[in-house]
Amino acid sequence: QWYGRQSVWGGAEDWGYRIGYGHRGGSDYETGDDFELPSSYKSRDWNVSLGADLSADSSVEFTYLRLDQTDVEFPGLVFDINFLVTDAYQVTYVLRDQPYFDQLVVEGWYNRTRFEGDTSRSGKNRQIPVLRTLFDLGPDQFLTTDVDASSAGYRLAMSWGDGPCCPVLTVGTDLIYLKQELNDIVPARTVPLPFPPFGFDLPDQNFPIPESYSADVGVFVEHVLPASDRLTITSGARVDFVSTSAVDETAGLGLLDGFPPVLVPTPLSELKQAGLDQHFTLWAIYGTAEFALNDCWTILAGAGHAQRPPTMTELYAAGPFIGSLNPGLTFVQGDPELDPERRTQIDIGARANYDRFRGSAHAFYAWVRDYITFDDVGEFKELFPPFEPGQDLQDVAFTNTDLATLAGFELAGEVDLNCWLTGFALMSYIEGRDRSREEPSRIAAIERERILGISDAPRSIVAGSDHEPLPLIPPLEARLGLRLHEPCPLPRWAVELEARIVDDQDRVARSLFEQQTPGFTVWNLRSYWQARENLLVWAGVENFTDKFYREHLDFRSGRGVFRPGVNVYFGSEVVY
């Protein structure tokens, strides 16, 4: 891989600009077991910012971001990207020191992303060879996808109070308007029968997220109160009014009927047996406190409750091939009748800062009502056993589970062993449990009745337990290392040796075919040198023991995704 960037900036006392262009590219990489994974890409980006003081108490800033990617290969996903373009615009206006408020911030933005992709590359077919057999594709056939998504909105916030020792009250309103559309196309093809040369033809099929819309209007308030020179209390609340909808009819969306099968166009509302217009009224409230016990120790605590509406994918997806679980070859079904998640959480923490030691510890526990998770529809494992994760398609439906819990902690610390050697350590852990997994999803029940004739089945057609680990939870991870550096407060050079230690993950959602992952240790070496005031050089070796490993969240589709083996990097930055 290589990356080059050129940035230019300038201006005067009351105006300024910054322009940056980056160009990067990468080829396939080799794992620690010396086989290549298709992961090449080309990427270009622009970043342009212009700002000016309109008066002594007002200013405006405009930002434009452009991302342009081509020939992007994803080794674990169904689709590669042929091209992707993102354009993002933002304008921020700030007005200060007025008779009726101390500061007014008004922001407006518009972002749009569009891309097209397919499964035509040789690397894709080498990495996931089952794609052709699963969809009965001919030698010159492939799946295609296209996406068009945008977001627009504003944020207006008015504040009273100025300075770290004064109370600050902020009230405001915002709007987020989202629009998205995805089409996953399986081309017309001939399906062979067990007695060749006979077969039957299937038409083009679309497994989309139909053109969907979401509008979220919110109002919020936050108060920061320095109760004393040691205690600061922050509290806030917001209310959101969310409306969503989707287009009912999409080209290529429907059910196969008869023999030979004919595609019967079917409205989304009929497939989901639900209306598509949804409305949510959500609220959130929180409070945190930070108390300095002395010059070295600070303790923190907080609690809050917030609600999250279902995304448009969770509401309206009609079978797109989105990698959602670690077997990889998943396609997802949305439910327009999903309820919003409701999360209550408590946090505690502490920070320490001594001459030779700095450290922190944070922990949280959360109860989530109506947590949005997955239900394996199960038609493939029932009709074509045995089901092989990563090689067979997995149909999952979004569903609410009555109660899920999440708990975790983060520890960090570093100690100056002497003036030129520092040791450091970090550790993080999360555990999630579904505490009510027996109830099946509404959409999976509809699909099972239609395909399997099963009218009553537990979640994922697996009975016997209403408790199970939540899917997609990373395992315990720690980083330990030593940093050799110049013996001064702002070292011009440093060399760092780090061991990244990841535990095995056996707390998996077995009913969803989530696969366990063995633990591993990866060794990395990093360095930098501020050769001159205007010249910075850095270099390193990652995974210098050439460890063959995978992360728990890596997909198992096809040959499976594994991380790079030993690799060397270097770079420099020149300011002129």
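These numbers come from a predicted model, not from an experiment. The figures here come from the full heavy-atom set of this structure, side chains too, leaving out hydrogens, waters and symmetry mates.
With respect to Glu551 and Arg500, a salt bridge is recorded, a charged nitrogen being found less than 4.0 Å from a carboxylate O. A salt bridge links Asp370 with Arg342: the closest approach of a Lys/Arg side-chain nitrogen to an acidic carboxylate oxygen falls below 4.0 angstrom. Salt bridge annotation for Arg559-Glu36: absent, with no cationic side-chain nitrogen under 4.0 angstrom from a carboxylate oxygen.
There is no side-chain donor-acceptor pair under 3.5 Å between Ser441 and Thr399. Arg526 and Tyr528 form no side-chain donor-acceptor contact under 3.5 Å, judged by distance and modelled atom types alone. Between the side chains of His552 and Glu477, not a single donor N or O lies within less than 3.5 Å of an accepting N or O. Judged by distance alone, the side chains of Thr405 and Tyr371 never bring a donor and an acceptor atom under 3.5 Å apart. No side-chain N or O of Asn326 forms a donor-acceptor pair with one of Gln515 less than 3.5 Å apart. His485 and Thr422 share a donor-acceptor pair across their side chains, judged by distance under 3.5 Å alone. In summary, the side chains of His223 and Ser235 do not present any donor paired with an acceptor at a separation below 3.5 Å, with no hydrogens or angles considered. A donor atom on one side chain and an acceptor atom on the other are not found under 3.5 Å apart for Tyr365 and Asp347. Judged purely by distance below 3.5 Å, without hydrogens or angles, the side chains of Thr373 and Thr401 never pair a donor atom with an acceptor atom. At a cut-off of 3.5 Å, with distance as the only test, a side-chain donor of Ser40 or Glu73 sits close to an acceptor on the other residue.
Side chain of Gln530 to main chain of Leu535: a donor-acceptor pair is present (N/O by atom type, distance under 3.5 Å, no hydrogens or angles). Of the possible polar contacts, one joining the Glu514 side chain to the Ala509 backbone as a donor-acceptor pair under 3.5 Å is found. Side-chain N or O atoms of Ser527 include one that pairs as donor or acceptor with a backbone N or O of Ala539 at under 3.5 Å. Between the side chain of Asp28 and the backbone N or O of Ser39, at least one donor-acceptor pair lies under 3.5 Å. With hydrogens and angles ignored, the 3.5 Å screen pairs a side-chain donor or acceptor of Ser436 with a backbone N or O of Leu403. A donor-acceptor pair under 3.5 Å is formed between the side chain of Gln505 and the backbone N or O of Arg507. Under a 3.5 Å cut-off, the side chain of Gln307 and the backbone N or O of Ala284 do not form any donor-acceptor pair. A distance-only check finds a donor-acceptor pair linking the side chain of Asn567 to the backbone of Gly565 [under 3.5 Å]. In this structure, the side chain of Glu542 does not engage the main chain of Asn524 through any donor-acceptor pair within 3.5 Å. Of the possible donor and acceptor atoms, none in the side chain of Asn47 sits under 3.5 Å from a partner among the backbone N and O of Gly20.
Phe398 has its ring centre less than 6.0 Å from the ring centre of Phe374. Residues Tyr549 and Phe562 place their aromatic rings such that the two centres sit no closer than 6.0 Å.
A heavy-atom distance below 4.5 Å is found between the side chains of Val171 and Trp160. Side-chain contact between Asp335 and Leu315: absent, with no pair of heavy atoms (C-beta onward) separated by less than 4.5 Å. Within the 4.5 Å cutoff, the side chain of Leu329 has heavy atoms near those of the Ile128 side chain. Inter-residue side-chain proximity for Thr244 and Ser212 is flagged as unmet; no heavy-atom pair is nearer than 4.5 Å. Looking at heavy atoms from C-beta onward, Met427 lies in side-chain contact with Leu476 at the 4.5 angstrom threshold. Using a 4.5 Å heavy-atom threshold, the side chains of Pro389 and Arg556 count as separate. No side-chain heavy atom of Pro226 sits less than 4.5 Å from a side-chain heavy atom of Cys165. With contacts defined as side-chain heavy-atom distances shorter than 4.5 Å, the pair Glu341/Arg369 does not qualify.
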*Begin with the C-alpha distance, continue with both residues' side-chain angles, and end with the deciding distance and a verdict on side chain to side chain donor-acceptor pair (under 3.5 Å) for Tyr429 and Glu431.*
CA-CA 7 Å; Tyr429 174 78; Glu431 178 161 354; 2.6 Å; yes
*Given the rule in the side chain to side chain contact (heavy atoms under 4.5 Å, CB included) test, do Val219 and Asp240 qualify, once you have shown the distances and angles that lead to the verdict?*
CA-CA 7 Å; Val219 293; Asp240 289 87; over 6 Å; no
*Tell me, with the steps shown, if Trp109 and Ser151 meet side chain to side chain contact (heavy atoms under 4.5 Å, CB included).*
CA-CA 8 Å; Trp109 69 85; Ser151 69; 4.1 Å; yes
*Output, in order, the C-alpha distance, side-chain angles, deciding distance and verdict of side chain to side chain contact (heavy atoms under 4.5 Å, CB included) for Arg437 and Ser511.*
CA-CA 10 Å; Arg437 67 153 298 276; Ser511 69; 3.7 Å; yes
*Walk me through it: do Leu417 and Leu482 pass the test side chain to side chain contact (heavy atoms under 4.5 Å, CB included)?*
CA-CA 10 Å; Leu417 302 173; Leu482 291 172; 4.0 Å; yes
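Between Pro487 and Trp420 the shortest heavy-atom distance is CB-CB, 4.2 Å. Leu472 approaches Ser324 most closely through the heavy-atom pair CD1-O, 3.1 Å. Closest of all the heavy-atom pairs between Ala494 and Arg483 is CB-CG, 4.3 Å. Of all the heavy atoms in Asp339 and Ile372, the pair that sits closest is O-CD1, 4.0 Å. Considering every non-hydrogen atom in both Ala303 and Ile346, the closest pair reads CB-CG2, 4.1 Å. Listed here is the closest heavy atom pair of Ala366 and Arg343: CB-NE, 3.6 Å.
In this structure, the separation between CD on Glu496 and CZ on Phe424 is 3.5 Å, given to the nearest 0.5 Å.
With sequence neighbours left out, the salt bridge (charged side-chain N to carboxylate O under 4.0 Å, His left out) criterion links Arg24 to no other residue. In terms of the side-chain hydrogen bond (donor to acceptor under 3.5 Å, both in side chains) criterion, Tyr569 has no residue partners (sequence neighbours excluded). By the ring pair (Phe, Tyr, Trp, His ring centres under 6.0 Å) test, Phe357 is found to be paired with no residue, residues two or more places apart in sequence or in another chain being considered. Take Ala88 and apply the side-chain contact (heavy atoms from CB on, under 4.5 Å) test, not counting sequence neighbours, and it matches Leu65, Asn111. Scanning for ring pair (Phe, Tyr, Trp, His ring centres under 6.0 Å) contacts around Phe321 gives Phe135, Phe207, with sequence neighbours left out.
A side chain to side chain donor-acceptor pair (under 3.5 Å) with Asp45 is found for one member of His23, Arg5, Arg66, Gln69 and no other, namely Arg5. Between Arg459 and the options Asp466, Asp434, Asp376, a salt bridge (Lys or Arg N to Asp or Glu O under 4.0 Å) holds for only Asp434.
No more than 12 heavy-atom neighbours from other residues, nucleotides or ligands sit within 6.0 angstrom of CD on Glu410.
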Exercise answer: donor-acceptor pairs, residues 285-300 side-chain atoms, under 3.5 Å, sequence neighbours excluded:
{"unit_1": "Tyr286", "atom_1": "OH", "unit_2": "Glu222", "atom_2": "OE2", "d": "2.6"}
{"unit_1": "Glu290", "atom_1": "OE2", "unit_2": "Arg351", "atom_2": "NH2", "d": "3.0"}
{"unit_1": "Asn294", "atom_1": "OD1", "unit_2": "Cys296", "atom_2": "N", "d": "2.7"}
{"unit_1": "Asn294", "atom_1": "OD1", "unit_2": "Trp297", "atom_2": "N", "d": "2.8"}
{"unit_1": "Trp297", "atom_1": "NE1", "unit_2": "Tyr354", "atom_2": "OH", "d": "2.6"}

